[in-house]
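A, B, ... follow the sequence lines: proteins, then strands. Residue 1 opens every chain.
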Amino acid sequence: MDAVLSETNNLAKEIGNLMKSGKKDEAEKLKITNAELKEKAKILSDKLTPLEEEQNNVLLRLPNLPHASVPEGKTPEENIAVLEWGKTPALPVDALPHWDLIKKYDIIDFELGNKITGAGFPVYKGKGARLQRALINFFLDEATSAGYREIQPPILINQDSGYGTCQLPDKDGQMYFMNEDKLYLIPTAEVPITNLYRDVILKAEDLPVKNAGYTPCFRREAGSWGADVRGLNRLHQFDKVEIVQISKPENSYELLEDMKKHVQGLLEKLELPYRILRLCAGDMSFASALTFDFEVYSAAQKRWLEVSSVSNFETFQANRLKLRYKVDGKTQLLHTLNGSAMALPRIVAALLENNQTPEGIKLPQAISKYAGFDLIN
RNA sequence: AGAGAGGUGUCCGAGUGGUUUAAGGAGCAUGCUUGGAAAGCAUGUGUGCGGGCAACCGUACCGGGGGUUCGAAUCCCUUCCUCUCUACCA
């Protein structure tokens, strides 16, 4: 293919020279030869293009390879708990789940959300709204102290960005899509913040890159409605602070540990009992090589709620993003990592349930400082 | 939303069909020069794909996509984006 093109290029040059020196007849002859070559090239490229497209389509649908430390398994039951922290609070027998508490104290309103939007879009009111704001500020300040640069990205993204972080084609149909403008509502800040570095070649001395941002997140959750989705457990719109790192391949797992520690610190300051799971291969997302999930124990529901997911994507996203750096004059793919730090709704659920008292809900100090109140009553 | 002007390498910027193999400048890197630096001089300096141990060779890329032509940064179509003016507006 390239050889044929090379020949046509050379002939075109020759024709140019002949035309200049006035040898029109010879030039005309070459034109015919070249036309034949072009035909050949077209046939070759007609064969090549569909093959390349097919290869591309297959590759786009191939998930990442799990890291060697990922346990085998297909279902969440096969995830492995690697750490547990904190004590389950002893609640009175009449302890309420959060969906009752939010009504009792009138702080989150699903019916109003239903009216103005639909199911899964709650309205936060009064101390409920202020608690949201407090948590967001708390999480962002903690990220800043940990060396992350705060980013406020757009919450609509284009198709290229969707492919960059691998939500597309895998999660097509799970994102809200504006057909008029061909834009998607982000399911996580990971998408815009990581895509800042699409088609970028970084300098080695700028690594690692650490960014964090708060955004609302939107998920259609098509097909996942059913049991265990009451109250704040699963929403179409929720708030989240996301931390994102870009790393040299050799230290990405070290950084993953740092991110894990950061999330642990947040939960400990919030005084919420939690555990960390090493996800089994079957429960990991499409793009991830290794994922740790964080779950807090919701005492009134008597169940674990996922509040954070920290992953190393190795070169999987970087390959699609064309995110690279230079080593010894050669370009090399970087590693991308991200983690929720953290998603609000289930944190709120656990805070409400675990801290309920006859007087009201007593907020831990870390958050009452931000909220400006320590009791919801 | 309407009218006009634009989009060229890391940056600025020239280029309206054939030595553009993208001028020129800046930046950066290396070397020479220097006591050291600056200046000066010299050389080098994009990405993808294919081939090669390598030096290197081939090919594609001048916002994106398509077309005309033996030959396109240059001409045509289409689309996105930026700027100016007008309109509107938190």
Side-chain angles (χ1 to χ4, degrees), chain A residues 1-60 62 116-117 129 133 152-169 175 177-186 191-192 194-207 209 214-216 246 248-249 314-336:
Chain A
M1 175 85 191
D2 278 356
V4 176
L5 286 177
S6 170
E7 212 171 324
T8 64
N9 282 345
N10 288 331
L11 278 176
K13 251 178 238 169
E14 235 177 284
I15 291 166
N17 288 333
L18 287 171
M19 295 288 261
K20 250 196 241 156
S21 50
K23 296 176 185 163
K24 284 211 169 158
D25 294 351
E26 290 183 40
E28 286 304 322
K29 259 193 241 167
L30 284 181
K31 272 195 197 182
I32 294 165
T33 322
N34 220 4
E36 283 167 13
L37 278 173
K38 244 193 120 182
E39 195 57 35
K40 227 191 208 170
K42 194 177 169 353
I43 292 166
L44 284 173
S45 89
D46 282 351
K47 270 191 202 165
L48 188 63
T49 312
L51 285 174
E52 280 177 339
E53 272 173 22
E54 199 186 322
Q55 182 186 22
N56 236 332
N57 278 332
V58 171
L59 288 177
L60 273 175
L62 223 53
I116 60 171
T117 306
R133 187 154 53 86
Q152 216 178 88
I155 59 177
L156 290 169
I157 50 124
N158 59 29
Q159 205 172 18
D160 286 346
S161 295
Y163 278 100
T165 35
C166 313
Q167 278 70 27
L168 292 174
M175 291 188 285
F177 180 61
M178 326 258 147
N179 193 43
E180 187 90 359
D181 298 293
K182 309 292 180 210
L183 296 173
Y184 296 83
L185 272 169
I186 57 169
V191 181
T194 312
N195 270 282
L196 297 175
Y197 297 87
R198 176 152 44 85
D199 288 317
V200 167
I201 298 177
L202 286 166
K203 289 184 191 142
E205 62 261 34
D206 294 332
L207 295 164
V209 171
Y214 152 72
T215 66
I246 299 167
K248 289 184 195 173
E314 296 191 358
T315 59
F316 195 77
Q317 289 182 327
N319 182 41
R320 290 167 195 214
L321 290 161
K322 299 193 177 66
L323 167 54
R324 293 155 294 173
Y325 80 123
K326 291 237 182 210
V327 208
D328 303 328
K330 284 187 180 171
T331 56
Q332 198 180 330
L333 289 173
L334 287 161
H335 282 193
T336 60

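Nucleotide B:A23 forms a pair with no other nucleotide shown, judged by Watson-Crick or G-U wobble geometry with both contacts under 3.5 Å. When both distances must be under 3.5 Å, the Watson-Crick or G-U wobble mate of B:A1 is B:U86. Nucleotide B:C70 forms a pair with B:G18, judged by Watson-Crick or G-U wobble geometry with both contacts under 3.5 Å. The partner of B:C41 is B:G31, by the rule that a Watson-Crick or G-U pair needs both atom distances under 3.5 Å. B:C62 is unpaired under the criterion used here, namely a Watson-Crick or G-U wobble arrangement in which both key atom distances are under 3.5 Å.
Contact between the side-chain N/O atoms of A:Thr331 and the OP1/OP2 oxygens of B:G48 is found at a separation under 4.0 Å. For B:U47, the OP1/OP2 oxygens have no side-chain nitrogen or oxygen of A:Arg324 closer than 4.0 Å.
With a 4.5 Å cut-off on side-chain heavy atoms, A:Leu183 and A:Asn158 count as touching. For the pair A:Asn195/A:Ile157, no side-chain contact is recorded, criterion being any heavy-atom separation below 4.5 Å from C-beta on. Two residues are said to be in side-chain contact when any heavy atoms from C-beta on lie closer than 4.5 Å; A:Leu323 and A:Gln317 fail this criterion. Using a 4.5 Å heavy-atom threshold, the side chains of A:Met175 and A:Leu168 count as touching.
B:U10 and B:U45 have their P atoms separated by 14 Å, given to the nearest Å. Straight-line distance between the P atoms of B:G50 and B:G36: roughly 48 Å, to the nearest whole Å. Here the separation of B:U33 from B:A23, taken at their C1' atoms, is 29 Å to the nearest Å. Distance check on atom P: B:A26 versus B:A38 gives 16 Å, rounded to whole Å. With P as the reference atom, B:A55 and B:G46 are 14 Å apart, rounded to whole Å. B:U78 and B:U86 are spaced 27 Å apart, taking the C1' atom of each and rounding to whole Å. Taking atom C1' on both nucleotides, B:C11 is separated from B:A22 by 16 Å, rounded to a whole Å. With both ends at atom C1', the span from B:C75 to B:A3 equals 25 Å, rounded to whole Å.
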Contacts under 3.5 Å, N or O only, protein and nucleotides 88-90 of chain B:
none

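Going from atom NZ of A:Lys182 over to atom C1' of B:C81 covers 18 Å, rounded to whole Å. Taking atom NZ of residue A:Lys322 and atom P of nucleotide B:C61, one finds them 16 Å apart after rounding to whole Å. Look at NZ on A:Lys326: it is 7 Å from P on B:G46, rounded to the nearest Å. Following rounding to the nearest Å, A:Asp160 (CG) and B:C81 (P) show an atom-to-atom distance of 13 Å. Rounded to an integer number of Å, the gap from OH of A:Tyr163 to P of B:G64 is 20 Å.
For the pairing with A:Val209, the side chain to side chain contact (heavy atoms under 4.5 Å, CB included) check across A:Leu334, A:Leu202, A:Thr194, A:Thr336 returns one residue only, A:Leu202.
Not a single donor-acceptor pair under 3.5 Å links the side chain of A:Asn319 to the backbone N or O of A:Thr315.
Going from atom OH of A:Tyr214 over to atom CD1 of A:Ile155 covers 8.0 Å, rounded to the nearest 0.5 Å.
For the side chain to side chain donor-acceptor pair (under 3.5 Å) test, no residue two or more places apart in sequence or in another chain qualifies with A:Arg324.
Between A:Gly164 and A:Arg320, the shortest heavy-atom distance links the atoms O-CB, 3.9 Å.
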Nucleotides 51-58 of chain B: protein proximity per nucleotide (B base, S sugar-phosphate only, - neither; heavy atom, under 4.0 Å): -------B
